[in-house]
There are 2 protein chains.
Amino acid sequence: MFQVRDGELQALLWERARAPFSGCWSLPGGVLGEGETLEESILRHLETKVDVSEVAHLEQLGTWSEPERHPERWELATAYLGLVPVGIDPHVPADTRWHRVDELPPTAFDHGAIVLAGRERLRGKLSYSNVGFALAPPTFTLAELRDIYAAALGYDVSATNLKRVLVRRGVLEATGGRRTHGPSGGRPAEVFRFRSRSLEVTDQFAVFRPPS
Amino acid sequence: MFQVRDGELQALLWERARAPFSGCWSLPGGVLGEGETLEESILRHLETKVDVSEVAHLEQLGTWSEPERHPERWELATAYLGLVPVGIDPHVPADTRWHRVDELPPTAFDHGAIVLAGRERLRGKLSYSNVGFALAPPTFTLAELRDIYAAALGYDVSATNLKRVLVRRGVLEATGGRRTHGPSGGRPAEVFRFRSRSLEVTDQFAVFRPPS
DNA sequence: TAGGTTTTCGACTCATAGGCGATAACCTCG
DNA sequence: CGAGGTTATCGCCTATGAGTCGAAAACCTA
């Protein structure tokens, strides 16, 4: 589970009280039940940590199978990538905390590598899809969206260019409203929203394609 | 396993002799052994069908977990995408055949959907990576490479543009050799090869990025 | 109403992609 | 050996999308 918090990309982890990896931080999840779908299972285990209705996007990341990943048992793990919009502060249990992806604490198993794989997946999709909807609140100004993209991508982003690109692609649309920033004044910003709140991929990256 | 054969993208399938899905066509694979990596397992099962040293690229595609996918048992499947270069004609058992992905025969389980998911993954990566190396022979002319791309992508491709794009990206390089086409004459074509024969992703698709 | 602040717009440059005709370099056949 | 056919390649053009930057717009406070 990823969320942009305090201007940085953070991941939800819980601290293990028992061996193996006691004291290390671990991804939320658990054992797959018989006759259960992987996605059902993820949501079932997630419910013990957060309100799953706040998860705006969920997709399968991959399956890790190295036998050494677990010191005691032979156990595969299928990881999912989940995104929570900014502005939501889900209630989490005492052993569970958000951690900056850039400075992960010691992690259990291969969970550190899985988190980094999830970040790369997210970064790629931000460029060629509308996944941003799952990180952004329902409506937002361009400055706010720029900060979200910058946090997730890890580098500065120009608000001018971000708007042009996303509007041209039909990903963003103006709500018509305006919002003023704070006590310091400044021109009120236009308020935008994502046209769709389900994953859509930009087809423009199909290269070598003759314009039909 | 995909290969471009007779100018079309084809997938390797074997015909089931026993229930369930007797007479339907099935993906090569089998049950994961204890303490085995998924990739090791795939290669082990594949060895009974083809010479695995001819597989130029192998990557995990995803894990399918719907309980209804198997009529008798509860069974997950992790699928891999493998690519074999043109020109190789691996010896396969009697029950195993290549099938055009565009006209799949009746398939067992959800294997039809898995094949189509693999094709989409391949099509995407052809645009933003050098995966072509795994479909092309060691050296080739541009006309040959164009035909491979056209077969995999499903639409015509211009050789002029293909060369320009792949050379600019540093994916292709000329060997210096030339090759003449056949009895009908014509200017001899330049011979190319892929600069690298392992997967490399074009970074140009990271949009919103200021040129550092 | 002046000055500060933030947002937005427009003009420009740049890089990559795609189209098309011209030319190059081979063949075969008379 | 030259004419005509065939295939490959190159050069020039256009189109499109991305990135930069400065100017103007629209708010605030003093």
Side-chain angles (χ1 to χ4, degrees), chain A residues 126-130 132 139-150 153 155-193 201-212, chain B residues 126-130 132 139-150 153 155-193 201-212:
Chain A
L126 279 174
S127 290
Y128 65 84
S129 79
N130 64 344
T139 66
F140 45 84
T141 69
L142 266 171
E144 290 161 2
L145 188 65
R146 162 174 44 84
D147 292 342
I148 293 170
Y149 270 72
L153 290 172
Y155 50 77
D156 282 353
V157 169
S158 137
T160 301
N161 202 32
L162 187 67
K163 173 191 172 180
R164 248 203 326 247
V165 171
L166 293 186
V167 167
R168 187 191 1 239
R169 290 185 185 169
V171 169
L172 287 190
E173 65 185 2
T175 64
R178 299 184 172 275
R179 188 177 297 168
T180 181
H181 183 67
S184 59
R187 173 174 174 168
E190 235 176 321
V191 177
F192 289 86
R193 67 169 152 251
V201 172
T202 311
D203 62 347
Q204 145 202 6
F205 291 97
V207 111
F208 315 127
R209 169 189 284 285
S212 57
Chain B
L126 280 174
S127 290
Y128 65 83
S129 80
N130 65 344
T139 67
F140 45 84
T141 69
L142 267 172
E144 290 162 1
L145 189 65
R146 163 173 46 82
D147 291 343
I148 294 171
Y149 270 72
L153 290 171
Y155 51 78
D156 283 353
V157 169
S158 136
T160 301
N161 202 33
L162 186 67
K163 173 190 172 180
R164 253 197 325 242
V165 171
L166 293 185
V167 167
R168 185 187 9 234
R169 289 185 186 170
V171 169
L172 287 189
E173 64 185 2
T175 64
R178 298 184 173 276
R179 188 177 297 170
T180 181
H181 183 66
S184 58
R187 173 175 176 169
E190 234 177 321
V191 178
F192 289 86
R193 68 171 150 249
V201 172
T202 311
D203 63 345
Q204 144 202 6
F205 291 96
V207 109
F208 316 127
R209 168 188 284 286
S212 59

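Every chain is numbered from 1 and lettered A, B, ... according to where its sequence line falls, protein lines coming before strand lines. These numbers come from the heavy atoms of this one structure, side chains and all, not from hydrogens, waters or symmetry mates.
Annotation: of the two residues near DNA chain D, B/Val207 and B/Ala159, the 5′-most nearest-nucleotide partner is B/Ala159. Taking the nucleotide of DNA chain D with the nearest heavy atom to each of B/Arg164 and B/Glu144, the more 5' of the two is matched to B/Glu144.
Minimum heavy-atom separation, B/Ser127 to A/Ala206: OG-CA, 3.6 Å. Across every non-hydrogen atom of B/Arg178 and B/Pro188, the tightest pair is NH1-O, 3.9 Å. When all heavy atoms of B/Glu190 and B/Ala174 are compared, the closest pair comes out as OE2-CB, 3.6 Å.
Going from atom CG of A/Asn161 over to atom C1' of C/dA15 covers 13 Å, rounded to whole Å. Atom CG in B/Leu162 sits about 16 Å away from atom P in C/dT16, given to the nearest Å. We find that CG of B/Asp156 is positioned 13 Å from P of C/dC20, with the value rounded to whole Å. Atom C1' of nucleotide C/dC9 and atom CD of A/Glu190 are separated by 11 Å, given to the nearest angstrom. Taking atom CZ of A/Phe192 as the reference point, atom C1' of C/dC9 lies 12 Å away to the nearest angstrom. As rounded to whole Å, 17 Å separates atom P of C/dT6 from atom CZ of A/Arg179. If you take CG of A/Asp203 and P of C/dA17, they are 16 Å apart, rounded to a whole angstrom. Separating the CZ atom of B/Arg146 from the P atom of C/dG18 is a distance of 15 Å, rounded to the nearest angstrom.
Ring planes of B/Tyr128 and A/Tyr128: parallel class, angle under 30° (limits at 30 and 60°).
Listed candidates were D/dC10, C/dT16, D/dA18. Nearest to the side chain of A/Val165 is D/dA18. The listed nucleotides are C/dG18, D/dC27, C/dC26; the one nearest the side chain of A/Phe208 is C/dG18. Of the candidate nucleotides D/dT7, C/dT6, C/dT16, D/dT7 has the atom lying nearest to any side-chain atom of B/Arg187.
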Using the side chain to side chain contact (heavy atoms under 4.5 Å, CB included) rule, take B/Leu162 and B/Tyr149 through it: C-alpha gap first, then chi angles, then the decisive distance, then the call. CA-CA 9 Å; B/Leu162 186 67; B/Tyr149 270 72; 4.1 Å; yes
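At a threshold of 4.0 angstrom between heavy atoms, the contacts of A/Thr160 include nucleobase atoms, whether or not backbone atoms are also involved. At the heavy-atom level, B/Ala143 lies under 4.0 Å from the strands shown only through sugar-phosphate atoms.
Regarding contacts with the backbone of C/dG18, every side-chain N or O of B/Arg168 stays at 4.0 angstrom or more from both OP1 and OP2. Not one side-chain nitrogen or oxygen of B/Lys163 sits closer than 4.0 Å to the OP1 or OP2 atom of D/dA8. Contact annotation: A/Arg178 side-chain N/O to C/dT7 OP1/OP2 distance is not under 4.0 Å.
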